[in-house]
Amino acid sequence: MIRVQREDFDPGAELARLTAGNHRIGGAVSFVGLVRDFGGDKAVRAMTLEHYPGMTEKQLAAIEREAGARWPLEASLIVHRYGRLALGERIVLVITASPHREAAFAACQFLVDWLKTKAPFWKLEETPDGAAWVEAREADDQAAAKWRQG
Amino acid sequence: MIRVQREDFDPGAELARLTAGNHRIGGAVSFVGLVRDFGGDKAVRAMTLEHYPGMTEKQLAAIEREAGARWPLEASLIVHRYGRLALGERIVLVITASPHREAAFAACQFLVDWLKTKAPFWKLEETPDGAAWVEAREADDQAAAKWRQG
Amino acid sequence: MKVLYFAWLRSKVGVAEEEVAPPAAVTDVAKLLDWLKTRGPRHAAALADLSAVRVAVNQDYARLHDKVGPGDEVALFPPVTGG
Amino acid sequence: MKVLYFAWLRSKVGVAEEEVAPPAAVTDVAKLLDWLKTRGPRHAAALADLSAVRVAVNQDYARLHDKVGPGDEVALFPPVTGG
């Protein structure tokens, strides 16, 4: 299940809803990404996340399907926000639930790595020096590349 | 922070409390372990988790300290329940929060692997054939062993 | 054909979206990018360094040799920096 | 010295906890286990297969050659199966 939205989300409520009544789930892994106060060296106060409506949903759905094909998942959820986000605000939520904790961890990390490198989002950071588009980080590409070898 | 308790916990509330106001956190990974309906081949209806009061707290605190020494964590939490737990109930919660998502994922998986193999808990499963103490699973020991090489 | 621009490509080109009708010889992404550069100085500046430009055709990532045609939705954007 | 038993070791021995006063020659975990076996048939049965028994001394995991003394808290239990 995927959602792209401007509004905040409630990680605990989403987890409860996703796992409710499914007794085959032994472990659920959740990732919450937050706006933090340094992007590289600069002091970040807020950012605006732009995305490509339509393509975002299409790509997230494809990535989620791929995770479900690679690992024995009972349930998964991706919620990604866009728009202006202040320091400390939630940006993204990924939950994976499986009979086996190893599968839940691997699938969650896979999805997060892909979101960071393949989902059509662009960050405009507000710093004391003004607003600046964030450049792609090579370490993120490497994190995603390791899954292509797997 | 660690807690060993009979009562249930609220993963969302714990996450919110742990990360509140800390703007250095870029990613938080949560693991929730649930009672699932197969332990090996048998149909599990409920289980009772026995532990060693005093040693449990001492070992969990030591494991959490080790995770904090290995990875740049801003916050971490382990909550482990004991007593009788029915199908679908929450057993354990591990949360790790870091500036970097890679550290949060690695530390959370490290802690969960250790909990499964080193925390002094013993599972008594209720199945249609009666109650039976669960035997240690070799795959769990291997999952924990990989961290000793790291 | 609809062309969309995102992030700093949008700011540099000056529009978020435009309808274009390239000549029939423009059959793939590479040729479309070359043709878009000729639309004006802002397009030329925005597309000067193609190593910083990514392309999607009909909402899937595309490469330089991928085909494009009249009914397609083509998007140009910098490397993504999501989540 | 206090000895605690957990899980099926507790059921087999028949008590959760006992105060014991082993002879002075019992100075390490291995000797303590041997001595505990002599306390009765239930102890002997519970401790027959030491490969299934884990030991903690003062709430830390211990090995057969680790020292034990009068004031210690010693716990015997099967391999853990937590969470």
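Each chain gets a letter, A, B and so on, in the order the sequences are listed, and its residues count up from 1.
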### Message
Determine whether L76(C) and R54(C) satisfy the following criterion, side chain to side chain contact (heavy atoms under 4.5 Å, CB included), listing intermediate values before the conclusion.
### Response
CA-CA 6 Å; L76(C) 309 189; R54(C) 299 290 177 274; over 6 Å; no
### Query
For E135(A), is it the side chain, the backbone, both or neither that has a heavy atom under 4.5 Å from a heavy atom of chain C?
backbone
### Query
Got K116(A) and V92(A) here, is their nearest side-chain heavy-atom distance under 4.5 Å?
no
### Query
In terms of heavy-atom pairs under 4.5 Å, which option from A52(C), P79(C), P78(C) contacts chain A the most?
P78(C)
### Message
Taking side chain as everything from C-beta outward and backbone as N, CA, C, O, which of these in N58(C) sits under 4.5 Å from a heavy atom of chain A? Side chain, backbone, both or neither.
### Response
backbone
### Among W114(A), F9(A), F121(A), ring-ring contact (aromatic ring centres under 6.0 Å, His included) partner for H80(A)
F121(A)
#### Entry: Which atom of E18(C) lies closest to which atom of H43(C), heavy atoms considered
OE2-NE2, 2.8 Å
